[in-house]
2 protein chains.
Amino acid sequence: MPRQVDHDERRRRLTEALLRIAGTRGLQAVSMREIAAEAGVSLRVVQYYFTNKQALLESGLLELGARGRRRVRQRVADAADTLSTRGVLAAVLGAIVPFDEQSRLDSMAWTAYYTAALTDPALAAAGLTLPNALEDFLTVRLTAAQQAGDIAPDRDPRAEVAGLLALANGLTSSVLSGQRSYEAATKLIDYYLDRLFGPDRAPRSQANEIGAGADAAASRGASPRRSARDRH
Amino acid sequence: MPRQVDHDERRRRLTEALLRIAGTRGLQAVSMREIAAEAGVSLRVVQYYFTNKQALLESGLLELGARGRRRVRQRVADAADTLSTRGVLAAVLGAIVPFDEQSRLDSMAWTAYYTAALTDPALAAAGLTLPNALEDFLTVRLTAAQQAGDIAPDRDPRAEVAGLLALANGLTSSVLSGQRSYEAATKLIDYYLDRLFGPDRAPRSQANEIGAGADAAASRGASPRRSARDRH
DNA sequence: CTCGTTAGGATACAACTGTATCCATTCGGG
DNA sequence: CCCGAATGGATACAGTTGTATCCTAACGAG
């Protein structure tokens, strides 16, 4: 074997180049030649390590899913109060909304893939199944919390989890478009968690600091375009 | 003037053809020639009535916004109990989530436009400002309801509205991808409205008499009923 | 009638796409 | 030593894209 090369490493580099393009210029800007240029290799190399553009796109989607799972796991592990159900929920939801430049790029790419999958069955088959496992996991967790008396008995754990995940999804959209900052999004999540767990039960944040005020159009659209770049 | 033709009508037909393609096959499938074929005219006609593809896309975005506004207005007008704030909220949120084939196609096209606008400033400038006016309107409305005692005083009207709109947005995503049915989405919305207005809370003001008193047990089964997936 | 503007058919063109092919290296095992 | 597989550079090809150009009808105003 001459010039033995680590194929997995090459493929990983190309996949990363693809995701960099998809996250900054969109999926429609992704072409074989663009990927080659972004990765600093020739077109032939891209063709050599991926038989198809389709295979390349699937690899990108897979990597994106892996990154998302890694991010959620990391966030949950980082939360010191992992024992509290509320802490887990806050960590998971906070990991869904883009919170730094990298997660913002990945969210962009994910959105692009999601949209493409809506009209491309081949992509849809390649899997956008990230949320389902999360939903089940959190529902079990919240149900246990309810039996422990942490949330009111008239709450529906499954509905609450589904709603919170959909909320995080919607907030992601607004953060990506610059309508909302990441901080505003997490404040909103905290507000809803306060409603769920009771504000006095959780020492994390106050109930009404978002502006319980009267008039509507006071302060919105705080940060236009690229705003979500901060550490956490 | 020979062969006088209604330009607005021609442009409308072409815009509708564009949106039909965008809603079924995605924005990346929209080309000048495809639009021409879909509208049953020649390529030249498309070029004749729209100087640019850019102009065509902007026209589609404008029309999409107009349809959305029309749909919300229609839904709100249709709600018999328009006087109740809860009824207005339910109508607006129910009009955001796609509820029939046409609104589903439009939501698809809207999602495609939204994604494209994330990486194309020209499209972003052409306006995705539909939600802002809604948010202000509903916030004013909900603030008034709070002062009338329809919702608990520790609720933050602005946060509630922002959350509900983000929720509707997230639910739209899941409905489009087939993860959830429209009915499941509205049940979830009703569940959250129950939490907000209080299912057993008696109407304490003159502003509302019907609608706000939806009882709790009615929608306790708001579980989204998704297939449980195994995790490993 | 004729003439100039309006409405569109037919075609061209350069750029870009994914994919395929041809060919030159490189190097480990025989 | 050397042969064949591994690696990749260069280029070709057919299709699609947005846009531009050329040219022919149509028809109301003069």
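The structure displayed is predicted, hence computed values, not measured ones. In the text below, chain A, chain B and the rest are named by the order of the sequence lines, each starting its count at 1.
For the pair B:F137 and B:V88, the tightest heavy-atom approach, listed with the atom from each and the gap, is CE2-CG1, 4.1 Å.
The existence of a salt bridge linking B:R71 and B:D106 is confirmed by a sub-4.0 Å separation between a basic side-chain nitrogen and an acidic carboxylate oxygen. No salt bridge links A:R158 with A:E135; every basic N to acidic carboxylate O contact stays at or beyond 4.0 Å. The pair B:E34-B:R25 counts as a salt bridge, with a side-chain nitrogen and a carboxylate oxygen less than 4.0 angstrom apart. Under the 4.0 Å criterion applied to side-chain N and carboxylate O atoms, B:K187 and B:E183 are not assigned as salt-bridge partners.
Between A:L105 and A:L19, the closest side-chain pair of non-hydrogen atoms is not below 4.5 Å.
The separation between B:L14 atom CG and C:dG8 atom C1' is 13 Å, rounded to whole Å. Put simply, CG on A:N52 is 9 Å from C1' on C:dG18, counting in whole angstrom units. What separates CG of A:L57 from C1' of C:dT19 is a distance of 15 Å, to the nearest Å. In this structure, A:D6 places its CG atom 16 Å from P of D:dA6, rounding to the nearest Å. To the nearest angstrom, P of C:dA7 lies 12 Å from CG of B:D8.
Taking only side-chain nitrogens and oxygens, B:H7 comes nearer than 4.0 Å to OP1 or OP2 of C:dA7. Checking the phosphate oxygens (OP1, OP2) of D:dG8, no side-chain nitrogen or oxygen of A:Y48 falls inside 4.0 Å.
For DNA chain C, if you chain together Watson-Crick or G-U pairs that step i with j, i+1 with j-1 and so on, the runs of at least three with distances under 3.5 Å are C:1-30 with D:1-30.
Under the 30°/60° scheme for interplanar angles, the aromatic rings of A:H7 and A:Y49 are found to stand perpendicular.
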What pairs of nitrogen or oxygen atoms, one from the protein and one from nucleotides 10-17 of chain C, lie under 3.5 Å apart?
| from | atom 1 | to | atom 2 | distance (Å) |
| --- | --- | --- | --- | --- |
| C:dT17 | OP1 | A:S31 | OG | 3.4 |

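Using modelled atom types and a 3.5 Å distance limit, the side chains of B:S59 and B:T15 yield a donor-acceptor pair.
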Stepwise salt bridge (charged side-chain N to carboxylate O under 4.0 Å, His left out) check, B:R104 with B:E101
CA-CA 5 Å; B:R104 192 180 153 275; B:E101 188 56 21; 3.5 Å; yes

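Counting any heavy atom pair closer than 4.0 Å across all strands shown, A:Y49 reaches sugar-phosphate atoms only and no base atom.
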